[in-house]
Amino acid sequence: MASSPKNAEFGNSPSQKAPFRSTSLSVPQLKRGDVELLKREALHQGFFRLEGLELRHRLFEGGWSEPIRREVHSRFDAVGVLLYDPARDLVVLIEQFRAGAIDDAVSPWKLELVAGLVEDGESLEGVARREAWEEAGCKVAELTKLHTYYPSPGACNEQVTLFCGLVDCQGLGGIHGLDEEHEDIRVHVMPFANAWELLTQGRLDNAMCLIGLHWLNSQRASLRAVSQQAMTQSETNEE
């Protein structure tokens with residue numbers, strides 16, 4: 001199996017190769033100390049928590065805002081992993097029912113990347129490997145970190161860390177998931193070209209898929225080249 005830099009940040013685009021030039025945006029002008037939290041209360045406590053915040057913050061032109069109220073959905077941080085077999089140029093997607101899409105005009109069953117929530121004491125890499133096994137029956141060889149991002153910072157405190165995991169897709173497929181979490185997950189293994197076509201058709205309509213596949217579109221040639229070199233070297237060593 002090909003190897004890639006473990007936990008390397010987003011890779012080899014021309015903008016990333018160029019020397020970094022500091023700008024006025026490199027360091028935030030306003031930080032956490034420029035927010036005064038006046039009140040925090042729990043509006044709902046279930047699997048997730050809904051909080052009501054009363055606060056004021058400094059203004060770009062100076063001074064302070066009036067006290068304002070915001071509701072924040074407090075969630076666990078999450079990890080997503082794009083499973084890719086560079087030797088066969090195959091992508092692994094999963095399909096499952098999503099309650100947040102229950103009113104979707106097309107279907108509340110969504111095609112997604114393997115993903116899961118970060119539990120206390122877990123590393124991000126550990127979550128990626130655990131979820132790959134639980135949701136797709138797949139063991140990950142190498143992990144490359146792509147991004148950590150806020151999916152919806154205007155209303156939610158969740159951060160998502162996205163990885164690409166190199167895998168051997170032989171034998172993958174079927175129905176997976178944990179009964180105690182009421183998971184009913186169907187695994188799809190397909191050529192990258194098919195996954196990309198689904199993206200362009202609008203069938204892949206969540207941030208993890210969009211970010212992950214756009215990254216892979218720019219990186220798969222180099223990933224495949226490294227994989228081919230590793231296979232050739234292995235064959236040479238066996239001789």
Could you go through Leu213 and Leu82, starting from their C-alpha distance and side-chain angles, then the distance that decides it, and tell me whether this counts as side chain to side chain contact (heavy atoms under 4.5 Å, CB included)?
CA-CA 8 Å; Leu213 286 175; Leu82 169 61; 4.2 Å; yes
Just so I know, are the side chains of Trp215 and Leu162 near enough to count as touching, which here means a heavy-atom distance under 4.5 Å?
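Side-chain contact under 4.5 Å: no.
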Between the side chains of Glu183 and Gln96, is a donor N or O closer than 3.5 angstrom to an acceptor N or O?
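The criterion, which ignores hydrogens and geometry beyond distance, is not satisfied for Gln96 and Glu183.
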Evaluate whether atom [atom1] of [X] has more than 12 neighbouring non-hydrogen atoms of other residues, nucleotides or ligands under 6.0 angstrom away.
X	atom1	answer
Arg203	CZ	no
Glu180	CD	yes
Asp184	CG	no
Leu43	CG	yes
Tyr150	OH	no

Looking at every non-hydrogen atom in both residues, tell me the closest pair between Leu113 and Ile94 and how far apart they are.
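For Leu113 and Ile94, the tightest heavy-atom pair comes out as O-CD1, 3.7 Å.
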Check the pair Val72 / Leu50 against side chain to side chain contact (heavy atoms under 4.5 Å, CB included), numbers first and verdict last.
CA-CA 6 Å; Val72 173; Leu50 181 64; over 6 Å; no
Does anything in residues 100-109 pair up under side-chain hydrogen bond (donor to acceptor under 3.5 Å, both in side chains), and if so which pairs, sequence neighbours excluded?
Asp104-Lys110
Evaluate ring-ring contact (aromatic ring centres under 6.0 Å, His included) for Tyr84 paired with Phe163, printing each intermediate quantity in order.
CA-CA 11 Å; Tyr84 178 61; Phe163 292 91; over 10 Å; no
Roughly how far, to the nearest 0.5 Å, is CG of Asp77 from CG of Asn157?
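Answer for the CG-CG pair, Asn157 versus Asp77, is 7.5 Å.
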Provide the full list of ring pair (Phe, Tyr, Trp, His ring centres under 6.0 Å) pairs with a residue in residues 175-209, sequence neighbours left out, each pair given once.
Phe192-Trp196, Trp196-His214
Please determine whether a side-chain nitrogen of the Lys or Arg among Glu71 and Arg69 lies less than 4.0 Å from a carboxylate oxygen of the Asp or Glu.
yes
Would you please name every residue forming a ring-ring contact (aromatic ring centres under 6.0 Å, His included) with Trp64, sequence neighbours left out?
none
Applying side chain to side chain contact (heavy atoms under 4.5 Å, CB included) to Met208 and Val160, what does each step give before you reach the verdict?
CA-CA 9 Å; Met208 284 189 188; Val160 173; 3.5 Å; yes
